[in-house]
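Scroll down for the structure; my scribbles are underneath it.
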Amino acid sequence: MKIVIAASEVVPFAKTGGLADVGGALPMALEKRGEEVIVVMPGYKKVHNLKNPEVKKLRDGVSISKIGKGIKVYFIDNDEYFNRDELYGDKTGDYKDNLDRFSYFCRKTLELLKEIKFKPDIIHCHDWQSALIPVYLKNTLAEEPFFKDTKTVFTIHNIGYQGLFPQEELSKTGLDWGVFNMDMLEYYGKINILKGGIVFSDLINTVSETYSKEIQTKEFGFGMEGILNKRRDSVSGIINGLDYSIWDPSTDKSIFKKFSLKTAEDKYENKEGLQKVCKLPAKRTVPVFGIVSRLAQQKGFDILAEGIDAICRLDVQVVILGTGDLKYHQLLEEMVKKYPKVISLSLKFDDTLAHRIYAGSDIFLMPSKYEPCGLGQMISLRYGTVPLVFKTGGLADTVNDKNGFIFDKYSKDELIKTIKKAITAYKNSTKWQQLMQRGMKCNFSWAESAKKYVELYEKAKAK
Ligand code: ADP
């Protein structure tokens with residue numbers, strides 16, 4: 001199959017979140033399966049500052065690089081739109097011309113495909129920034145013979161971000177007013193680009209099965225539940241893979257001692273090392289709870305904040321790495337003053353420490369209120385660190401009571417109850433080892449997810 005991945009961020013070129021990991025890892029996994037795939041993304045300033053991989057100018061307005069064995073990555077260049085420090089906005093908020101920027105990206109992507117004569121079976125679009133591609137294909141380009149057999153798949157990575165603009169800006173997209181109605185791009189008097197992607201793509205998916213169902217409800221749909229419900233036969237979920245070349249305790253250079261399923265005992269050297277760097281007492285029998293996260297309500301910090309004092313009074317140690325809302329920074333700093341031998345706090349982004357927490361903790365706390373996919377729980381499973389999660393989205397699809405602890409009523413009391421359950425379980429060393437080992441055997445590889453994407457592409461092609 002000929003596949004185009006169109007995304008606004010792609011590892012290793014530009015990243016603000018999980019979308020970039022998918023943008024980089026999925027094409028490589030597809031290539032390994034023998035698919036013919038190219039990638040198109042905007043040529044941001046940071047793309048052109050990269051030394052490795054090299055990015056070369058192809059012609060005015062287009063640059064090119066390569067990932068994997070031979071995947072061409074094309075960059076849509078435009079000094080006015082993309083030669084900026086950030087991808088979507090700065091300290092003052094979103095860039096005001098984001099609709100110009102990303103409709104330009106979508107239009108030029110389609111023009112480029114014609115120019116290089118890459119006639120795709122599938123254009124796989126991600127989030128609102130590339131959602132105008134299916135809209136153009138079904139409207140302004142509906143009669144274009146070049147795209148006659150092209151189908152689109154649209155992946156929603158987080159439905160909270162929709163690309164909302166005042167209706168006066170419609171002309172910037174080049175679309176006519178025919179698309180501005182409540183069954184198409186209109187949302188309460190505004191232009192909603194994500195909605196356009198939902199309406200006009202051939203198939204829609206999200207980054208876990210549970211999240212694909214949750215977003216069809218009022219609680220999680222951010223207003224898109226109605227339109228998604230109308231297209232429910234075309235909505236599905238595929239969990240993201242994990243990059244095991246980065247997240248593998250048997251090859252991880254950042255941790256104190258490498259270990260694997262066969263040498264799981266060596267995990268305790270990592271626990272000792274972690275306790276040392278975090279200035280916590282070296283106690284092997286006390287369970288260490290690790291957190292690596294944005295400190296935000298979405299990640300469960302509202303119930304964690306309510307419960308943290310009570311948690312610190314249990315026989316535990318808590319190691320927290322993250323940055324985020326100031327109110328959580330302040331509250332946690334108070335807790336460190338109150339319980340210096342129990343809680344360690346690192347308010348920063350630190351990749352090495354993150355690896356050490358995944359390797360050295362006994363339990364990984366991730367009580368997210370909603371979680372489209374989530375990486376932390378998949379990483380911790382591989383490192384024999386038993387995840388404790390709220391039953392939502394990707395967490396519900398990867399953690400169960402055979403490999404972790406899961407609670408299904410979102411409250412401080414349920415969180416603490418589940419933490420106590422984990423502490424009791426930890427005391428039974430034989431059973432705990434079995435629990436760890438079951439987790440370490442879980443496999444969330446990109447190979448598996450790419451296989452499911454190919455099946456999804458086949459389904460779109462048959463439409
Ligand atoms: P998000 O919603 O933030 O994308 P995920 O669980 O999908 O949540 O991915 C978060 C990733 O970022 C994980 O790999 C996690 O280890 C990493 N991470 C988050 N905060 C930090 C931090 N302060 N330092 C290092 N890594 C972090």
Side-chain angles (χ1 to χ4, degrees), residues 7-12 14-26 87-88 126-127 155-161 206-208 210-211 214-215 220 222 237-249 252 254-255 274 277-278 289-301 304 318-326 328-329 332 344-361 363-383 385 387-390 392-399 404 444 446 449:
S8 56
E9 40 187 289
V10 174
V11 163
K15 169 168 177 168
T16 71
L19 160 62
D21 295 307
V22 180
L26 176 61
L87 273 56
Y88 312 124
H126 299 262
D127 281 350
T155 301
I156 301 170
H157 295 259
N158 188 335
I159 203 146
Y161 302 91
T206 68
V207 287
S208 69
T210 298
Y211 190 61
E214 286 172 344
I215 57 171
F220 296 96
F222 284 87
I238 298 176
I239 195 95
N240 288 339
L242 187 63
D243 188 343
Y244 288 117
S245 69
I246 299 171
W247 299 108
D248 180 350
D252 193 327
S254 302
I255 64 179
L274 181 66
V277 294
C278 292
F289 286 73
I291 295 180
V292 181
S293 176
R294 287 186 282 118
L295 308 186
Q297 193 195 21
Q298 186 218 323
K299 296 290 176 183
F301 274 84
L304 264 171
V318 184
V319 176
I320 302 178
L321 167 65
T323 55
D325 296 355
L326 203 59
Y328 299 129
H329 286 208
L332 293 170
S344 147
L345 179 65
S346 306
L347 296 172
K348 57 180 174 180
F349 195 95
D350 183 337
D351 199 43
T352 303
L353 183 57
H355 281 252
R356 289 175 170 175
I357 294 175
Y358 286 116
S361 306
I363 295 145
F364 190 73
L365 264 187
M366 194 167 173
S368 306
K369 193 173 213 161
Y370 79 91
E371 191 63 79
C373 175
L375 282 177
Q377 84 283 13
M378 295 198 259
I379 301 171
S380 66
L381 281 167
R382 180 50 61 109
Y383 283 72
T385 301
L388 190 162
V389 305
F390 176 57
T392 185
L395 299 175
D397 291 355
T398 50
V399 181
F444 305 104
W446 266 110
S449 303

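Every number for a ligand or one of its atoms is a count from 1 in the order of the listing. Keep in mind the model is a prediction, meaning the values are calculated, not measured.
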His126 vs His157 aromatic rings, parallel, tilted or perpendicular, using cut-offs 30° and 60°? tilted

Compute the shortest N/O to N/O distance between Gln298 and ligand 1 and return yes if it is under 3.5 Å, no if not. no

Using a 3.5 Å distance criterion without hydrogens, assess whether the side chain of Tyr383 forms a donor-acceptor pair with backbone atoms of Asp248. yes

Within the 4.5 Å heavy-atom criterion, are Ile156 and Val207 side-chain neighbours or not? no

Can you tell me which residue and heavy atom of the protein come closest to atom 15 (C) of ligand 1, and the distance to 0.1 Å? Tyr358 OH, 3.5 Å

For Gly322, counting its heavy atoms only, list the atoms of ligand 1 lying under 4.0 Å from any of them. 23 (N)

For ligand 1, which atoms have a heavy atom of Met366 less than 4.0 angstrom away? 6 (O)

I want to know if ligand 1 touches Trp247 in the polar sense, i.e. an N/O pair below 3.5 angstrom. no

Distance-only side-chain donor-acceptor flag, Asp252 / Tyr358, under 3.5 Å: no

Which atoms of ligand 1 are found less than 4.0 Å from any heavy atom of Gly376? 6 (O)

Main chain of Ile363, side chain of Ser361: is a donor-acceptor contact present, judged purely on distance under 3.5 Å? no

Beyond-backbone contact of Tyr370 with Asn158, side-chain heavy atoms, under 4.5 angstrom: yes

Looking only at atom types and distance, does a side-chain atom of Glu371 sit under 3.5 Å from a main-chain N or O of Leu395, one as donor and one as acceptor? no

Taking both backbone and side-chain atoms of Arg294, is any N or O found less than 3.5 Å from an N or O belonging to ligand 1? yes

Suppose we measure from atom 22 (C) of ligand 1 to each protein heavy atom; which comes out shortest, and what is that distance? Phe349 CD1, 3.4 Å

Sub-4.0 Å protein heavy atom next to atom 12 (O) of ligand 1: no

Using a strict cut-off of 4.0 Å, indicate which atoms of ligand 1 neighbour a heavy atom of Gly374. 6 (O), 7 (O)

For the pair Asp350 (side chain) and Leu353 (backbone), establish whether a donor and an acceptor sit closer than 3.5 Å, ignoring hydrogens and angles. yes

Going by heavy-atom distance to atom 1 (P) of ligand 1, choose the closest among Met378, Lys299, His157. Lys299

Which atoms of ligand 1 sit under 4.0 Å from any heavy atom of Ala354? 25 (C), 26 (N)

Does any non-hydrogen side-chain atom of Asn240 lie less than 4.5 Å from one of Asp21? no

Taking Arg294 for the side chain and Lys299 for the main chain, is one N or O donor matched with an acceptor at less than 3.5 Å? no

Can you find a non-hydrogen atom of Gln377 under 4.0 Å from ligand 1? no

What part of Ile379, side chain from CB on, backbone N/CA/C/O, both or neither, has a heavy atom under 4.0 Å from ligand 1? side chain

For atom 6 (O) of ligand 1, state which one of Ile246, Asp351, Asn158, Leu375 supplies the nearest heavy atom. Leu375

Location of contacts on Asp350 toward ligand 1, heavy atoms closer than 4.0 Å: backbone

Please list the nearest protein heavy atom to atom 4 (O) of ligand 1 with its residue and the distance rounded to 0.1 Å. Gly18 N, 4.4 Å

With no hydrogens and no angle check, just 3.5 Å: does a side-chain donor-acceptor pair link Thr392 and Tyr211? no

Can you check whether a protein heavy atom sits less than 4.0 angstrom from atom 25 (C) of ligand 1? yes

In terms of atom number and element, which parts of ligand 1 are under 4.0 angstrom from non-hydrogen atoms of Lys348? 22 (C), 23 (N)

Please assess Ser368 against Gln298 for the test side chain to side chain donor-acceptor pair (under 3.5 Å), listing each intermediate value before the final yes or no. CA-CA 6 Å; Ser368 306; Gln298 186 218 323; 5.3 Å; no

Among protein heavy atoms, which lies nearest atom 17 (C) of ligand 1, and at what distance? Val292 CG1, 4.4 Å

